[in-house]
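Working notes for the structure below.
Just so you know, these numbers use all the heavy atoms, side chains as well, and skip hydrogens, waters and symmetry mates.
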Amino acid sequence: MGIIYVILILLLISIVNAVDFYILIYPELTIKEAFKLITTAITLNKLLFTGSGYLTSSYLSRNKNLPFYKALSAFLLLEALGVSLWLGLGIYFGAKIAVKIPFIFIPILVFIIILGWLKSKNFTKAAKNVLTVLKDMARRIPVIMPLIFLNMLLFICYYLFLFRIFNFNPGVLSIIKIVSISFAVGYLSPVPAGAGFKDTALVLLLMNSGLTLDRAVVIAVFDRVLVAVFWGVLGSIFGYDLIKEQVKRRLKAIKK
């Protein structure tokens, strides 16, 4: 039954993400269309690199008559809210990782500066468009914050049931510590979905909680595979639907 619970929780997390996105971009899309876009975005972010999914889904959102910059702004806002909360908890429970923050963001800032210098007009225009939309969306943040916290609670429940599958039953506070620190390390890592970094942090934290190395590795690998398969299947279904709509749109344009 444990595996059923973790899959259902992942599905609930997907639904909450879709509702958050829907609230931010309302009234352009239906909740079903919002679910398709955000599922595709999260899947690509996990399989490729963070940001690739947001750009792709924002591009595909034009098929739904949703402006590119509005979709992108909604994705960025949701990412910023969720990540900041996990980073806050992660740094609180594991202050040592705070030292890594400047070294992670320096290359990103350098890249942004170079991009802005090479394509200053396009970059400035894009930044202005995003900021304009974000100002309007900021009024809806109080509405989605309870859902952001709900999503965090669902992730904690996910790991609670995941650990129970392997007969590991830490206290709730220990689970929050394990999840928040491993997530924070994953967010600060330079690789897609924190692969390797998040998993290593999870293994070390599980060992610190009393598990042997082999059990900790099995849990971390199972977690990585389960999440990848879940989002891979879900993203393939809805991503295919979005791409199919894009192809049809292009074909119609060619015929005209």
Distance col, row I15:CD1 vs L8:CG, nearest 0.5 angstrom, shows 9.5 Å
Exercise. So, for F222 and F166, is the gap between ring centers shorter than 6.0 Å?
Worked result: yes
Nearest heavy-atom contact between A216 and M207 is CB-CG, 3.9 Å
- Item | Expected output: side-chain S84 to main-chain A80 donor-acceptor under 3.5 Å | yes
So CZ of R215 and CG of L213: to nearest 0.5 Å the spacing works out to 12.0 Å
* Asked: With a 4.5 Å heavy-atom cut-off, do K177 and L173 have their side chains touching?
  -> no
One should read off an interatomic distance between I219 CD1 and L202 CG, to the nearest 0.5 angstrom, of 7.5 Å
| said: Contact between N45 and W231 at the side-chain level, heavy atoms closer than 4.5 Å - yes or no? | reply: no
* For the pair S182 (side chain) and V179 (backbone), establish whether a donor and an acceptor sit closer than 3.5 Å, ignoring hydrogens and angles. => yes
With a 4.5 Å limit on heavy-atom distance, are the side chains of L24 and L78 in contact? yes
Q: Apply side-chain contact (heavy atoms from CB on, under 4.5 Å) to I3 and L226, showing your working.
A: CA-CA 10 Å; I3 188 66; L226 178 62; 4.1 Å; yes
Scanning both residues in full, the closest heavy-atom pair of A220 with V203 reads CB-CG2, 3.6 Å
Rounding to 0.5 Å, atoms CG (L11) and OG1 (T39) come to a distance of 9.0 Å
A184 and G90 have their tightest heavy-atom pair at CB-CA, 3.9 Å
inquiry  = Using the rule given for side-chain contact (heavy atoms from CB on, under 4.5 Å), can you reason through F149 versus L153, listing the C-alpha separation, both sets of side-chain angles and the distance that settles it, and then say yes or no?
reply    = CA-CA 6 Å; F149 285 112; L153 178 61; over 6 Å; no
Would you indicate whether the side-chain heavy atoms of L89 and M152 approach each other to under 4.5 Å?
yes
Value for CD1 (I178) from CD1 (I156), rounded to nearest 0.5 Å, stands at 11.5 Å
Can you label the angle between the W86 ring and the F155 ring as parallel, tilted or perpendicular, going by 30° and 60°?
perpendicular
Nearest heavy-atom contact between A18 and A34 is O-CB, 3.9 Å
Step through the shown structure and confirm whether more than 12 heavy atoms of other residues, nucleotides or ligands are within 6.0 Å of NZ on K70. yes
Review point. Take atom OH in Y5; do more than 12 heavy atoms of anything else shown fall under 6.0 Å from it?
Key: no
For a 4.5 angstrom cut-off between non-hydrogen side-chain atoms, does R224 reach K198? yes
*asked:* Side chains of N151 and L154, heavy atoms from C-beta outward: is any pair under 4.5 Å?
replied: yes
>> Ring centroids only, cut at 6.0 angstrom: are F35 and Y22 within range, meaning strictly under it?
In response: no
query = Hey, mind stepping through F168 and L206 against side-chain contact (heavy atoms from CB on, under 4.5 Å) and telling me if it holds?
reply = CA-CA 9 Å; F168 177 51; L206 290 173; 3.5 Å; yes
Would you say S61's side chain and L66's backbone share a donor-acceptor pair under 3.5 angstrom?
yes
Of V19, I13, L12, V16, the one forming a side-chain contact (heavy atoms from CB on, under 4.5 Å) with L150 is V16
* Asked: Between S57 (side chain) and A41 (backbone), is there a donor-acceptor pair under 3.5 Å?
  -> yes
Here the gap from Y54 atom OH to L37 atom CG, rounded to the nearest 0.5 Å, amounts to 12.5 Å
Find out if a path of hydrophobic residues (ILVMFWY) with successive side-chain heavy-atom gaps under 4.5 Å connects Y159 to L204.
-> no
Do the non-hydrogen side-chain atoms of I144 and L81 ever get within less than 4.5 Å of each other? yes
Residues G232 and S236: closest non-hydrogen pair is O-OG, 2.5 Å
- Begin from the C-alpha positions of L55 and F68 and carry the test side-chain contact (heavy atoms from CB on, under 4.5 Å) through to its verdict. CA-CA 9 Å; L55 291 172; F68 173 86; 4.2 Å; yes
Side-chain ion pair, R140 and D20, N-O less than 4.0 Å: no
| said: Do V6 and F163 have side chains that approach each other closer than 4.5 Å (heavy atoms only, starting at C-beta)? | reply: no
